[in-house]
K.L.:
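Submitted below is the structure of interest, expressed as structure tokens.
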Amino acid sequence: MLKDITLGQYFPIESPVHSMDPRIKIIITLVFIIAIFFIKSLWGFVAVALYVIFAVKLSRVSFKLVLKGIRPILFLIIFTALINLFMTNGEIVNIGGVPLKAGFLKITKEGFYSATVMSLRLVFLVMGTSILTLTTSPILLTDGVEKLLSPFSKIGLPAHELAMMMTIALRFIPTLLEETDKIMKAQMARGADFESGNIINRAKALIPILVPLFISSFRRADELAVAMECRCYRGGKGRTRLNELKIGTRDWIACLSMLTFMAVIVLINMYL
Amino acid sequence: MIEIQNLTYSYDRADDKVGGLALNGINLTVNDGEFVAVLGRNGSGKSTLAKHINAILLPMGGYVYVDGMDTLDESKTWDIRQSAAMVFQNPDNQIVATIVEEDVAFAAENLGVPPDEIRRRVDYALGAVGMTKFRKEAPHLLSGGQKQRIAIAGVIAMKPKTIVFDEPTAMLDPSGRKEVMKTITELNRKYGITIIMITHNMDEAVCADRVVVVDKGRIIIDDKPRNVFSDVDKMRRIGLDVPQATQIAFELKKAGLDIKCDILDEQECVEEIIKLCR
Ligand SMILES: Nc1ncnc2c1ncn2[C@@H]1O[C@H](COP(=O)(O)OP(=O)(O)OP(=O)(O)O)[C@@H](O)[C@H]1O
Ligand SMILES: [Mg+2]
């Protein structure tokens with residue numbers, strides 16, 4: 001059923017990683033992503049792999065789930081790898097005295113190397129962000145983003161409003177999906193056909209779904225706005241939270257682990 | 001206490017003719033602890049009246065006082081909304097957060113209540129509507145009646161003296177209706193909250209201490225349910241139903257049986273009919 005969809009990929013269990021402060025998790029993930037773009041040697045990736053394995057073990061999420069995030073971008077990874085493999089200039093590889101070269105395509109040592117590095121980067125990038133989204137509920141994620149962006153509200157960035165919009169969007173996606181389903185069934189009962197015909201016809205068939213959906217969304221938005229006003233909502237100013245974010249020992253330890261990781265990467269980059 | 005004096009309102013600001021008035025000289029006082037049901041046909045002005053009680057709409061003529069605070073006084077708007085809360089028809093369009101307890105906390109968060117006090121209020125509010133078990137659930141997975149109870153808990157967390165309900169059961173199935181009505185009566189009886197409830201369901205109106213009938217922007221009846229519903233002819237003329245039990249008694253009497261007409265619920269109806277059979 002459409003009703004049962006889970007949003008994001010949050011995996012609700014208890015673990016040291018789950019109970020970390022979302023701000024720290026977001027920052028660590030960002031630093032991690034930047035770090036993997038500075039890594040040049042394969043030894044660096046060994047360090048990254050160890051760090052990721054450590055984090056996944058600690059989060060008690062299965063590896064399968066973390067790796068699942070790679071599937072949607074598998075094509076992108078393969079494509080990048082192939083481009084790098086065939087298009088990089090350099091020393092052409094010989095196998096049994098035959099140079100691997102056909103027209104403008106060639107396999108070089110440098111190409112082989114950069115294809116590996118690029119694919120590894122993408123894989124670890126996805127794994128890193130997966131760990132973040134698997135261990136942090138959408139609410140905490142938006143709270144974290146709001147808090148991290150709040151210093152910028154002085155220069156006019158509407159941090160609270162953005163977070164509120166994200167929360168409401170998350171809240172209403174299941175409701176609207178259910179409604180879409182209802183409208184589609186209602187149109188199908190009157191003989192609408194969404195499955196056959198060419199792409200233009202199919203797109204046209206969507207209009208009778210989108211129009212009522214839009215109208216009802218506006219009505220919902222209007223009612224929600226009044227209901228929020230009735231509950232004394234007046235923007236982010238002076239607002240408190242049920243669960244205030246708190247940075248604890250656990251978070252400092254995580255920061256420390258991140259710093260160690262960075263130091264290892266720098267050393268590897270310098271000496272290996 | 002809610003005091004409404006000579007209230008008029010028109011959605012159509014340009015034309016101030018009497019015909020365009022959604023509310024036309026409403027006078028109503030609701031005392032603390034009362035349970036008032038508001039009845040009336042579609043478009044009679046019930047929702048418009050309700051929205052005046054917590055300053056969503058402001059009077060064009062006359063005054064609305066909530067616990068002595070004038071709704072026209074802008075500096076009091078938030079105190080008024082806290083004191084007189086409102087629950088609407090569609091629970092889906094009132095729930096803001098993706099987790100039940102976060103949603104219940106929403107109003108208290110807006111008021112700037114400290115976190116540990118919010119926690120206490122959330123527990124209290126969920127207890128009052130009997131939804132403590134569901135505090136960590138996602139609202140979209142709950143039934144209609146449960147969602148509406150969450151919406152009610154969301155306003156109880158403001159600790160209001162009065163709650164205005166605008167057709168709270170209109171979108172629910174019979175079992176959802178029953179659970180929401182039970183919650184509402186309990187809030188009135190056990191927690192002493194003043195209730196103003198708009199409804200089209202006469203059997204629900206019977207639960208109230210007092211029934212107010214609105215027609216064309218005016219209050220035309222304001223009396224105890226028993227007195228209001230016993231005049232079946234008058235209710236029909238206004239275009240309203242009466243509770244089923246009252247209807248049966250009325251038809252029996254019309255058929256020439258000696259039965260009294262001021263019957264409100266099944267129980268009374270059964271007793272009267274048994275009396276007839278003796
Ligand atoms: N937002 C609006 N803009 C313009 N006119 C409105 C608006 N809302 C209500 N009205 C008009 O004001 C009058 C009173 O409407 P109101 O919604 O108060 O009726 P109601 O008694 O709540 O009806 P219902 O039982 O259908 O909910 C109606 O004539 C309606 O058409
Ligand atoms: Mg209405």
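Chain A is the first sequence line, chain B the second, and so forth, proteins listed ahead of strands; every chain is numbered from 1. Bear in mind that the values here come from a model prediction, so they are computed numbers and not experimental data.
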K.L.:
Tell me, side chain or backbone of Phe106(B) under 4.5 Å from chain A's heavy atoms, or both, or neither?
P.N.:
both

K.L.:
Shorter than 4.5 Å, heavy atoms on both sides: which option in Asn110(B), Asn90(B), Ile99(B) has the most such pairs with chain A?
P.N.:
Asn110(B)

K.L.:
Supply the atom-to-atom distance Glu102(B) CD to Ile139(A) CD1, rounded to the nearest 0.5 angstrom.
P.N.:
4.0 Å

K.L.:
Is the shortest side-chain heavy-atom distance between Val226(A) and Gln94(B) below 4.5 Å?
P.N.:
no

K.L.:
Report yes if some heavy atom in the side chain of Glu229(A) is under 4.5 Å from a heavy atom in the side chain of Thr77(B); otherwise report no.
P.N.:
no

K.L.:
For Glu109(B) and Arg241(A), which heavy atoms make the closest approach, and how far apart are they?
P.N.:
OE2-NE, 3.2 Å

K.L.:
Check each atom of Glu244(A) against the heavy atoms of chain B and say whether the ones under 4.5 Å are side chain, backbone, both or neither.
P.N.:
side chain

K.L.:
If you count heavy-atom pairs within less than 4.5 Å of chain A, which of Ala85(B), Ala157(B), Gly154(B) leads?
P.N.:
Gly154(B)

K.L.:
NE2 of His140(B) to CG of Leu170(A): how many Å apart, nearest 0.5 Å?
P.N.:
10.5 Å

K.L.:
Would you please test Arg119(B) and Asn243(A) for side-chain contact (heavy atoms from CB on, under 4.5 Å) and show each step?
P.N.:
CA-CA 9 Å; Arg119(B) 168 56 61 198; Asn243(A) 301 311; 3.7 Å; yes

K.L.:
Mark yes or no for whether Thr167(A), through its side chain, and Ala97(B), through its backbone, hold a donor-acceptor pair below 3.5 Å.
P.N.:
no

K.L.:
If the condition is ring-ring contact (aromatic ring centres under 6.0 Å, His included), which residues does His160(A) pass it with, not counting sequence neighbours?
P.N.:
Tyr233(A)

K.L.:
By salt bridge (charged side-chain N to carboxylate O under 4.0 Å, His left out), which residues pair with Lys161(B), not counting sequence neighbours?
P.N.:
Asp67(B)

K.L.:
Mind checking the CG-CD spacing from Asp92(B) to Glu179(A)? Nearest 0.5 Å is all I need.
P.N.:
9.0 Å

K.L.:
Tell me, do Phe172(A) and Ile95(B) make a side-chain contact under 4.5 Å, heavy atoms counted?
P.N.:
no

K.L.:
What residues of residues 190-201 of chain B sit under 4.5 Å from chain A when you count only heavy atoms?
P.N.:
none

K.L.:
What parts of residues 205-217 of chain A touch chain B if we use heavy atoms and a cut-off under 4.5 Å?
P.N.:
none

K.L.:
Only pairs of heavy atoms separated by less than 4.5 Å count here; which of Arg239(A), Arg219(A), Met228(A) has the most with chain B?
P.N.:
Arg239(A)

K.L.:
Tell me, yes or no, whether the heavy-atom count around Lys159(B) atom NZ, taken from other residues, nucleotides or ligands under 6.0 Å, exceeds 12.
P.N.:
yes

K.L.:
Please test Arg234(A) against Trp78(B) for side-chain contact (heavy atoms from CB on, under 4.5 Å), starting from the C-alpha separation and ending with a verdict.
P.N.:
CA-CA 9 Å; Arg234(A) 50 199 134 157; Trp78(B) 304 107; 3.5 Å; yes

K.L.:
Should we count CZ of Phe63(A) as having more than 12 external heavy atoms under 6.0 Å?
P.N.:
yes

K.L.:
With a 4.5 angstrom heavy-atom cut-off, which part of Ala108(B) approaches chain A: side chain, backbone, both or neither?
P.N.:
backbone

K.L.:
Select one option (side chain, backbone, both, neither) describing which atoms of Ala107(B) are under 4.5 Å from chain A's heavy atoms.
P.N.:
both

K.L.:
Where does Glu117(B) contact chain A at under 4.5 Å (heavy atoms): side chain, backbone, both or neither?
P.N.:
neither

K.L.:
Picking from Asp116(B), Asn54(B), Val96(B), Ile56(B), which has the most non-hydrogen pairs under 4.5 angstrom with chain A?
P.N.:
Val96(B)

